[in-house]
There are 2 protein chains.
Amino acid sequence: MATSTAGGSQLLDRAALLLDLIADGNSEGATLKELVERSGLNTATCHRILNTLVGHRLLARDDKRRRYRLGAKMFIYGARAARGPGLISRCEMSLSRLRKKTGETTHLMARHNHDSLCLDRRDGECVVQTLTGSIGGSVPLGAGPGSIAMLAFLEREEQEFILRANEARFASFRDLTTDKVSRLIEETRGRGYAVDIGELIPGIAGVAMPIHDEVGVPVASLGFTFLCAKIVPDFVDNYAALLRAEIDLIESRN
Amino acid sequence: MATSTAGGSQLLDRAALLLDLIADGNSEGATLKELVERSGLNTATCHRILNTLVGHRLLARDDKRRRYRLGAKMFIYGARAARGPGLISRCEMSLSRLRKKTGETTHLMARHNHDSLCLDRRDGECVVQTLTGSIGGSVPLGAGPGSIAMLAFLEREEQEFILRANEARFASFRDLTTDKVSRLIEETRGRGYAVDIGELIPGIAGVAMPIHDEVGVPVASLGFTFLCAKIVPDFVDNYAALLRAEIDLIESRN
DNA sequence: TCTATCAATTCCACATAGTGACAAAACATT
DNA sequence: AATGTTTTGTCACTATGTGGAATTGATAGA
């Protein structure tokens, strides 16, 4: 998970760790006890840090003060960050253009630890079921083309680590196994983009391509979700070409 | 600004303060020097904290490492928080319903320090110019109905403080002065919701109503933006009734 | 190209701020 | 009433974070 900032400051590192643990919690909200266990911190220390974060509204307490979750400040910072010159605003136009050109549902996914998370999307003309649902939804890295597109271009070592970590979670997806994901990774590497045709959700297909940061690490992906029924020869290639063009544009602004 | 958590932890308090200062920076990005001045921290200390936050990707450095802005984690936390049982997801349905019933642009605004910020919105059938633009945009508290709706129901003392703080910034809005805002506040208090008919942007009107938290403090507002030309008798009242109904629903879930 | 200036970064000795063990009160859940 | 969990406190210790000063790095002007 590489939560070690080395020359950082202990308290801040711990606070950041707790924020991450809480953000990771699949179901929303983590209890003190869980956080103590997962972070390895002393109960008193953990509680003190959480309290301070709640005080600053970076976290919020719920259910009659028994569970911690991300706080109101996070909405605000998130919204603010989205406006700044970050990923989301750099991809905004691309999403809209892709949506307009094709009429399909388009999305921007980003990586967060072992998950792939929907940062932004444009809904298509016909409503299709997507893995992540709307903004904020997440799936284990490895499930779905948007997710594979990122995973495929990570370092081998990291890939394997993530595959092992997510192994159990793949079970809840149709026919998904570590082996299958490995195969998809190879295909995606060869092809340059990820494709899924009705494998995860019957009748639903997806194409996605990774976005790399300045140093070449894949940090996000741009993709389409559409109905398998629409596919005709060259259909997928054409969509991939559209993605390629937008991503070239996005990456050129790095 | 009440950034004192009293029994908090110094380092965390400072880090939270810096995050806020950076998020507040109207133009994106703040330099170390600015942050040192505005926070009153020692340069070295400030630098160390910022570095650690950058290490955790809560902040990001730009322009060849010369400016700090909100980092990638903020997108992620923001997106995650939006999904949880917070304001955004509690209002999601309401926004969509309001948009559907009226065909107008609807938005959810929240308060952040002295600003009012667009957390979510649904675009209407005809594109209208709005004060805040899309998600993440902000205006000084006092400008625009979505903003007045919140300001009007704050404590008097706080209102006055904010008015004084924002005085200079009102100048960049059409005909806006502290006096005028005060007048609008009174009207809004009496009426229960805020209305602007072509005053800030010629030809554009807005209605907005505050959302209160568990203890009755206004934390957000729900509103419409539409063309003045559409207005007929009872038009605004009808829209206000729609807002009222949705907000009752939202607040009942507190 | 060289120099002056201001900003950003690194260093380091010191004291404060945060730690964790323990205990006990306040809540929840059964 | 009994159990388990969360919250609040106290306290001695020292690792942690602090800030002054020095170093390095950028920018602009000559």
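We name chains A, B, ... by the order of the sequence lines, and we start the count at 1 in each one.
Applying the side-chain contact (heavy atoms from CB on, under 4.5 Å) rule to R38(B) yields the partners L21(B), D24(B); only residues at least two apart in sequence or on another chain are considered. Legend: residues meeting side-chain contact (heavy atoms from CB on, under 4.5 Å) with E34(A), ordered by chain and number and at least two apart, are A30(A), T31(A), R67(A). L41(A) is linked by a side-chain contact (heavy atoms from CB on, under 4.5 Å) to R14(A), L18(A), S39(A), C46(A), I49(A), counting only residues two or more places apart in sequence or in another chain. Listed by chain and number, the residues in a side-chain hydrogen bond (donor to acceptor under 3.5 Å, both in side chains) with T178(A) are E167(A) (sequence neighbours excluded). Residues satisfying the side-chain hydrogen bond (donor to acceptor under 3.5 Å, both in side chains) criterion with H47(B), sequence neighbours excluded, are absent altogether.
Straight-line distance from the CG atom of D13(A) to the P atom of dT16(D): 11 Å, rounded to whole Å. Straight-line distance from the CG atom of L35(B) to the C1' atom of dA7(C): 13 Å, rounded to whole Å. With rounding to whole Å, L12(A) atom CG is found 14 Å from dT18(D) atom C1'. Spacing between atom CG of L41(A) and atom P of dG20(C) amounts to 7 Å, rounded to whole angstrom units. Residue I49(A) contributes atom CD1, which lies 17 Å from atom P of dA17(C) at whole-angstrom precision. Rounded to an integer number of Å, the gap from CG of N51(A) to P of dT19(C) is 13 Å. If you take CD of E34(B) and C1' of dA8(C), they are 14 Å apart, rounded to a whole angstrom. Here the P atom of nucleotide dT7(D) and the CG atom of L53(A) are 14 Å apart, to the nearest Å.
Looking at R57(A) and D20(B), no side-chain N of the basic residue comes within less than 4.0 Å of a carboxylate O on the acidic one, giving no salt bridge.
You'll find that the side chain of Q10(A) is closest to dG17(D), out of dG17(D), dT9(C), dG19(D). Nearest nucleotide to the side chain of N42(B), out of dG20(D), dC22(C), dT9(C): dG20(D). For T31(B), the listed nucleotide lying nearest its side chain is dA8(C); candidates were dG18(C), dG17(D), dA8(C). Of the candidate nucleotides dA7(C), dT19(C), dT7(D), dA7(C) has the atom lying nearest to any side-chain atom of K33(B). For R66(A), the side-chain atoms get nearest to dC27(C) when compared with the rest of dC27(C), dT18(D), dT27(D). Nearest to the side-chain atoms of T43(B) among the listed nucleotides dT19(C), dT9(C), dA8(C) stands dT9(C).
OP1 or OP2 of dT6(D) has not a single side-chain nitrogen or oxygen of H47(A) nearer than 4.0 Å. The side chain of R48(A) places no N or O atom within less than 4.0 Å of a non-bridging phosphate oxygen (OP1 or OP2) of dT8(D). For dA7(C), neither phosphate oxygen OP1 nor OP2 lies less than 4.0 angstrom from any side-chain nitrogen or oxygen of Y68(B). OP1 or OP2 of dT19(C) has not a single side-chain nitrogen or oxygen of T45(A) nearer than 4.0 Å. Taking side-chain N and O atoms only, R14(A) has no distance below 4.0 Å to OP1 or OP2 of dG17(D).
Using a 4.5 Å heavy-atom cutoff, the side chains of L151(B) and Q159(B) are in contact. You'll find the side chain of M93(A) stays beyond 4.5 Å of the side chain of L249(A), heavy atoms only.
DNA chain D is contacted by both A44(B) and L11(A); L11(A) maps to the nucleotide lying nearer its 5′ end (nearest heavy atom per residue).
Comparing the helix axis at one end of the helix from dT1(C)-dA30(D) to dA24(C)-dT7(D) with that at the other, each defined from 5 consecutive pairs, gives an inter-axis angle of 60° (nearest 10°).
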